K.L.:
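The structure is given below, and queries will be raised subsequently.
What you see is a predicted model, and the numbers here were worked out from it, not measured in a lab.
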2 protein chains.
Amino acid sequence: MRSRADNSLAERKRQLVADELRDAALMLLATKGFDVVTVDDIVAAAGMSRRTFFRYFASKEDVVVRFLADTSADIITELATRPPAEPSSVALRHALWVPLAACNDHPEHSERARVVVRLILDTPALHARWLERQIEWRAELAAELANRSGLDPHTDPYPRMAAGMALLALDTVLQRWQPGDDEQHLAKLMDQAFAVVAPALDAPAASPAAG
Amino acid sequence: MRSRADNSLAERKRQLVADELRDAALMLLATKGFDVVTVDDIVAAAGMSRRTFFRYFASKEDVVVRFLADTSADIITELATRPPAEPSSVALRHALWVPLAACNDHPEHSERARVVVRLILDTPALHARWLERQIEWRAELAAELANRSGLDPHTDPYPRMAAGMALLALDTVLQRWQPGDDEQHLAKLMDQAFAVVAPALDAPAASPAAG
DNA sequence: CTATCGGTGGCACTCAGTGTCAAGCAGTGC
DNA sequence: GCACTGCTTGACACTGAGTGCCACCGATAG
């Protein structure tokens with residue numbers, strides 16, 4: 001699972017700086033609001049220069065969104081290792097559970113993740129970037145689904161739409177995530193959301209994919 | 001259909017200025033690309049001042065996205081007037097057909113609409129704003145769906161997710177929209193997309209909405 | 001003729017984001 | 001100790017988006 005991390009010194013130092021900036025940014029943004037906090041405020045709190053911030057994060061939005069959206073590779077990996085005979089709804093539910101499980105493994109991170117989710121959903125600019133990131137997830141999920149089902153993603157809308165429905169389910173869970181919810185409650189929300197889309201995810205192929 | 005337009009002189013003049021700015025903006029942005037064209041370029045082409053542009057459009061993104069996204073009210077109206085007994089998939093398909101039908105009514109506008117769709121889908125910043133606008137559509141559609149089905153949108157995820165699936169179908173159609181496609185082809189794409197989500201849209205209520 | 005009112009342009013300002021360059025600071029070879 | 005190399009940082013200047021403010025202009029009402 002250690003793809004290209006821990007180059008043992010330089011990489012570790014970089015990670016430290018990035019964490020420092022991210023922590024300062026999340027603290028300020030979550031408490032004061034996204035619009036009123038400037039990048040100058042963030043770097044002042046982190047004790048670094050403005051230029052350094054933009055070497056680690058592409059934008060003010062990036063530092064927030066990446067806190068949630070950096071797990072895309074893990075999701076795809078999980079989907080790729082699900083048994084091929086498994087219904088799409090089950091495989092996708094397991095794949096999208098990965099980032100939530102990662103939260104639950106670190107309870108002290110879980111609460112902050114929930115706060116960040118709320119910040120994103122309540123801030124239009126962040127919500128837009130979050131959805132933009134989800135578009136990438138959708139493309140990757142669609143490619144893997146096409147792989148699983150043997151469908152051609154260029155002629156059949158199913159893979160892309162199935163991925164979209166799964167992400168819609170995830171969004172619904174995040175929207176309904178309340179303070180104090182434990183892992184079991186999160187799992188129940190996930191089951192409810194996937195129950196809605198499952199009839200479409202697992203329906204027998206019906207689109208003739210005509211042109 | 002004339003909600004609060006044509007205040008017969010001042011409003012007409014405002015509309016004229018807005019159209020001029022929009023036409024100049026779409027021309028430049030579609031041909032040269034979103035990032036390389038500045039607001040200064042746009043207002044120079046339209047023969048107006050930079051300050052005026054921002055009196056009519058909230059941002060450079062706004063002028064593009066609003067060209068497609070201003071039909072939200074018509075969509076909700078259409079959904080509200082569909083027969084209550086109609087399956088959700090059919091009602092939603094008719095509602096989301098409204099903006100596409102509006103395009104087809106004006107063939108000279110249709111081609112430009114398709115170009116703008118392509119511009120939005122290919123420009124990350126625009127795509128993000130477009131999705132952000134769709135969030136509003138989703139909330140309005142969800143409210144109307146909750147109204148139709150008698151479900152409580154706060155406890156039952158179905159209305160929100162049904163709206164999301166319908167918009168996913170629309171997005172799929174726009175993605176697959178090719179040059180030269182006539183109204184019939186667009187209708188076929190719409191049918192294909194809704195065929196995928198219909199099993200979920202029309203499934204018997206299965207979520208106990210427990211908390 | 002004058003007061004008013006909506007729209008406009010010009011100007012200055014904040015802030016996001018980028019390119020550039022001059023340090024600082026490892027580690028390495030001599 | 002000294003030079004060289006590679007990487008990171010901070011400082012500065014710059015573009016461009018977006019906003020607030022005010023003066024101006026044309027039309028209309030008195």
Side-chain angles (χ1 to χ4, degrees), chain A residues 4-22 24-26 28-29 32-66 119-120 123-130 132, chain B residues 4-22 24-26 28-29 32-66 119-120 123-130 132:
Chain A
R4 62 105 171 77
D6 62 0
N7 285 3
S8 223
L9 223 152
E11 197 63 34
R12 212 88 62 88
K13 270 162 64 180
R14 277 190 66 83
Q15 192 60 44
L16 213 67
V17 175
D19 287 353
E20 192 70 24
L21 282 168
R22 186 202 47 178
L26 291 185
L28 284 174
L29 294 173
K32 298 191 171 184
F34 184 79
D35 294 326
V36 300
V37 174
T38 70
V39 176
D40 285 319
D41 297 336
I42 295 171
V43 298
M48 306 183 188
S49 83
R50 166 186 182 69
R51 197 64 189 83
T52 297
F53 178 88
F54 286 106
R55 285 200 183 91
Y56 285 85
F57 301 100
S59 66
K60 198 171 72 166
E61 286 127 14
D62 188 44
V63 64
V64 183
V65 171
R66 252 175 47 190
L119 176 67
I120 289 177
T123 306
L126 288 174
H127 203 164
R129 293 293 159 193
W130 167 242
E132 189 186 344
Chain B
R4 60 107 170 77
D6 62 358
N7 284 4
S8 224
L9 223 153
E11 196 63 35
R12 212 87 62 87
K13 270 163 63 180
R14 277 191 65 83
Q15 192 59 45
L16 212 67
V17 175
D19 287 353
E20 192 70 24
L21 283 168
R22 187 201 45 172
L26 291 185
L28 284 174
L29 294 173
K32 299 190 171 185
F34 184 80
D35 293 326
V36 300
V37 175
T38 70
V39 177
D40 285 318
D41 297 336
I42 296 171
V43 298
M48 306 183 188
S49 83
R50 166 187 181 69
R51 197 66 191 82
T52 297
F53 178 88
F54 286 106
R55 285 201 182 90
Y56 285 86
F57 301 99
S59 65
K60 198 171 71 166
E61 286 126 14
D62 188 44
V63 65
V64 182
V65 171
R66 254 177 45 193
L119 177 67
I120 290 178
T123 307
L126 288 174
H127 203 165
R129 292 295 158 193
W130 167 244
E132 189 185 345

K.L.:
May I ask you to decide if A/Ala25's main-chain N or O and A/Lys60's side chain share a donor-acceptor pair within less than 3.5 Å?
P.N.:
no
K.L.:
For C/dG9 and B/Thr52 - does any side-chain N or O of the residue sit under 4.0 Å from the phosphate oxygens OP1/OP2?
P.N.:
yes
K.L.:
Atom CG of A/Asp35 to atom P of C/dC15: distance rounded to whole Å?
P.N.:
12 Å
K.L.:
Please give, in whole Å, the distance from C/dG6 C1' to B/Gln15 CD?
P.N.:
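For the pair B/Gln15 CD and C/dG6 C1', the rounded distance is 17 Å.
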K.L.:
Ignoring hydrogens and angles, does a donor from either the side chain of A/Arg50 or the base of D/dG10 sit under 3.5 Å from an acceptor on the other?
P.N.:
no
K.L.:
For B/Thr38, does its backbone N or O pair with a side-chain atom of B/Asp41 as donor and acceptor, under 3.5 Å?
P.N.:
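Answer holds: yes.
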K.L.:
So B/Arg14, base contact, sugar-phosphate only, or nothing? Heavy-atom distance under 4.0 Å.
P.N.:
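Sugar-phosphate, no base atom in range.
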K.L.:
Would you mind telling me which of B/Thr123, B/Leu119, B/Asp35 makes a side chain to side chain contact (heavy atoms under 4.5 Å, CB included) with B/Leu29?
P.N.:
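For B/Leu29, the side chain to side chain contact (heavy atoms under 4.5 Å, CB included) test succeeds with only one of B/Thr123, B/Leu119, B/Asp35, which is B/Leu119.
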K.L.:
Taking CZ from A/Phe57 and C1' from C/dC15, how many angstroms apart are they, rounded to a whole number?
P.N.:
19 Å
K.L.:
Nearest whole Å is fine: how far is C/dG6 C1' from B/Leu16 CG?
P.N.:
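After rounding, the gap between these two atoms is 16 Å.
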K.L.:
In whole angstroms, how far is the P atom of D/dT8 from the CD atom of A/Glu20?
P.N.:
18 Å
K.L.:
Report yes if at least one side-chain N or O of B/Tyr56 is closer than 4.0 Å to OP1 or OP2 of C/dG7; otherwise report no.
P.N.:
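For B/Tyr56, the contact criterion (side-chain N or O under 4.0 Å from OP1 or OP2 of C/dG7) is not met.
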K.L.:
Measure distances between side-chain N and O atoms of A/Arg51 and base N and O atoms of C/dG19, and say whether any donor-acceptor pair falls under 3.5 Å.
P.N.:
yes
K.L.:
Nearest 0.5 Å, please: how far is OG1 in A/Thr52 from CZ in A/Phe57?
P.N.:
11.5 Å
K.L.:
Can you tell me how far P of D/dT15 sits from CZ of A/Phe54, to the nearest Å?
P.N.:
18 Å
K.L.:
Select from B/Lys60 and B/Lys13 the residue whose nearest nucleotide in DNA chain D is closer to the 5' end of that strand.
P.N.:
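Its nearest nucleotide being more 5', the pick is B/Lys60.
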K.L.:
Nearest of D/dT9, C/dG9, C/dA16 to any side-chain atom of B/Met48?
P.N.:
C/dG9
K.L.:
Round to a whole Å and report the spacing from CZ of A/Phe53 to P of C/dG19.
P.N.:
17 Å
K.L.:
At their closest point, which heavy atom of B/Leu21 faces which heavy atom of B/Tyr56, and how far apart are they?
P.N.:
CD1-CD1, 4.1 Å
K.L.:
When the distance from CG of A/Asp40 to P of D/dA11 is rounded to whole Å, what number comes out?
P.N.:
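Nearest whole value for this atom pair: 12 Å.
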K.L.:
For a quick check, tell me whether the side chain of B/Arg55 and the base of C/dG9 share a donor-acceptor pair closer than 3.5 Å.
P.N.:
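Flag set: donor-acceptor pair detected.
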